[in-house]
Amino acid sequence: MSKAHTAFLLHSLELVNHFAPVWDQLPPGSFDIVLFDVAQDAAAAATRKWNCRLWNADDVIGARHKFRFLVSNHPAVGAYNPPLVQQIAEHNVRFMYAAGKTGWNLASWNQLYDAILCFGPYHAEAFSEICDAAIIQMGYPRFDRYFSEQPDLATLKSQYGCDPGKDTIVWLPTWKALSSVSHFDEEIGALTEKYNVIVKVHPLMPGSEPHRVQALARQPLTRLITDHSDNLPLYQLADFMLFDYGGPPMAALYTDKNFLLLDVPNASQDVFTGPQSPDIALRRHFKHLAAGSGDLEASLADETLWDEHRVMRAELRRKYFAPHFGFAAHVAAQALMHMDHIITQQKAGGW
């Protein structure tokens, strides 16, 4: 069916933003893409650059084909029994895509993986305690270009409809119960008097919670983004960033951005987080605000606060991320190209 030994599972177009830097580092023709619940035409357009084969997940099962390695961000895809990833691969490799929400990130399904590509020391230790997978610290490939490219900020501001004379705030909320959307809409909308305010909602929110997105759209925002476009330009553009939970605040650590955290009631008790989750733990070190506190605008203007945050970001970056700034994708690609050796060594007890 396919000569490629490695495939990537694509169950959302958002994953292209995570995998693409690694695909750039892999030899042409060395990988395929397996689609689940993603339209063939849309996937073909998003992956045309790599000229790789696209397969429908059910077709792979029907052909009784198994890839040597399947790379996925998690295995909870569809109602397959046994799980899809086990049916179509001899060995499974997890590609970590977000550093928050420990209740999800460290779930028991990690035991399905033979190897895990994670961000850095904190998660390497955490994964080693819950599964027997080979653990490789890759850094954060999605943000390689943040360190290797010098962005044209004037052009970026123009592309996003920003006033060149204003600083820019980027708000990247998560979805469902942990989302700050609907809690902070008016407060953040009011900031447009002094700032450019760009909001990109979680890519699954428009389909699952359209009423919240529609309400947010009534605010006088500079730009509201509801598609699967890459977050990287937003990190390049932002002078300040606002987050609630999940991966985006951890990415701000990696990219050394000024940020504030927005609180949602009972977040530390949520099934996807827990009090030790990194996105909860950040609140012990960085300014976090409750909706309606009236402190948002003053915090953004507090230079002393940003000086304190800068020191703490440097300390926590070493905890959570391997220092592969600008070449994390190369590290990940090399690991994938040597995965047979890595898994053999792991099973022999030498990894």
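Small disclaimer: the values here were computed from a predicted structure and weren't measured.
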Let me check something: any side-chain donor-acceptor pairs from residues 232-248 under 3.5 Å, sequence neighbours excluded? List them with distances.
{"residue": "Tyr235", "atom": "OH", "partner": "Pro248", "partner atom": "O", "Å": "2.8"}
{"residue": "Asp239", "atom": "OD2", "partner": "Thr168", "partner atom": "N", "Å": "2.7"}
{"residue": "Asp244", "atom": "OD1", "partner": "Thr174", "partner atom": "N", "Å": "2.9"}
{"residue": "Asp244", "atom": "OD2", "partner": "Thr174", "partner atom": "N", "Å": "3.4"}
{"residue": "Asp244", "atom": "OD2", "partner": "Ser180", "partner atom": "N", "Å": "2.8"}
{"residue": "Asp244", "atom": "OD2", "partner": "Ser180", "partner atom": "OG", "Å": "2.6"}
{"residue": "Tyr245", "atom": "OH", "partner": "Val264", "partner atom": "N", "Å": "3.0"}

How are the rings of [X] and [Y] set to each other: parallel, tilted or perpendicular (split at 30° and 60°)?
X      : Y      : result
Trp109 : His74  : tilted
His309 : Trp306 : perpendicular
Phe119 : Tyr140 : tilted

Pick from Phe259, Tyr320, Tyr146, Phe147: which one makes a ring-ring contact (aromatic ring centres under 6.0 Å, His included) with Tyr254? Phe147
Can a side-chain donor-acceptor contact be found between Ser72 and Tyr113 if the only test is distance below 3.5 angstrom? yes
Pick out which of Asp302, Asp263, Asp295 makes a salt bridge (charged side-chain N to carboxylate O under 4.0 Å, His left out) with Lys287.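 One option only clears the test, and that one is Asp295.
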Should Ile169 and Leu305 be counted in the same cluster of Ile, Leu, Val, Met, Phe, Trp and Tyr side chains packed under 4.5 Å apart? yes
[X] side, atom [atom1]; [Y] side, atom [atom2] - distance, nearest 0.5 Å:
X      : Y      : atom1 : atom2 : answer
Lys200 : Leu224 : NZ    : CG    : 11.0 Å
Leu191 : Thr222 : CG    : OG1   : 10.0 Å
Asp167 : Asn258 : CG    : CG    : 10.0 Å
Phe325 : Asp144 : CZ    : CG    : 11.0 Å

Quick check on the 6.0 Å ring-centre criterion: do Phe8 and Trp23 meet it?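 Between Trp23 and Phe8, which both carry aromatic rings, the centre distance is below 6.0 Å.
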Take His65 and Trp55 through the ring pair (Phe, Tyr, Trp, His ring centres under 6.0 Å) test and state the conclusion after the steps. CA-CA 11 Å; His65 177 76; Trp55 306 101; 7.6 Å; no
Tell me every residue that passes side chain to side chain donor-acceptor pair (under 3.5 Å) with Glu209, counting only those two or more places apart in sequence or in another chain.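 Glu209 satisfies side chain to side chain donor-acceptor pair (under 3.5 Å) with Arg212 only.
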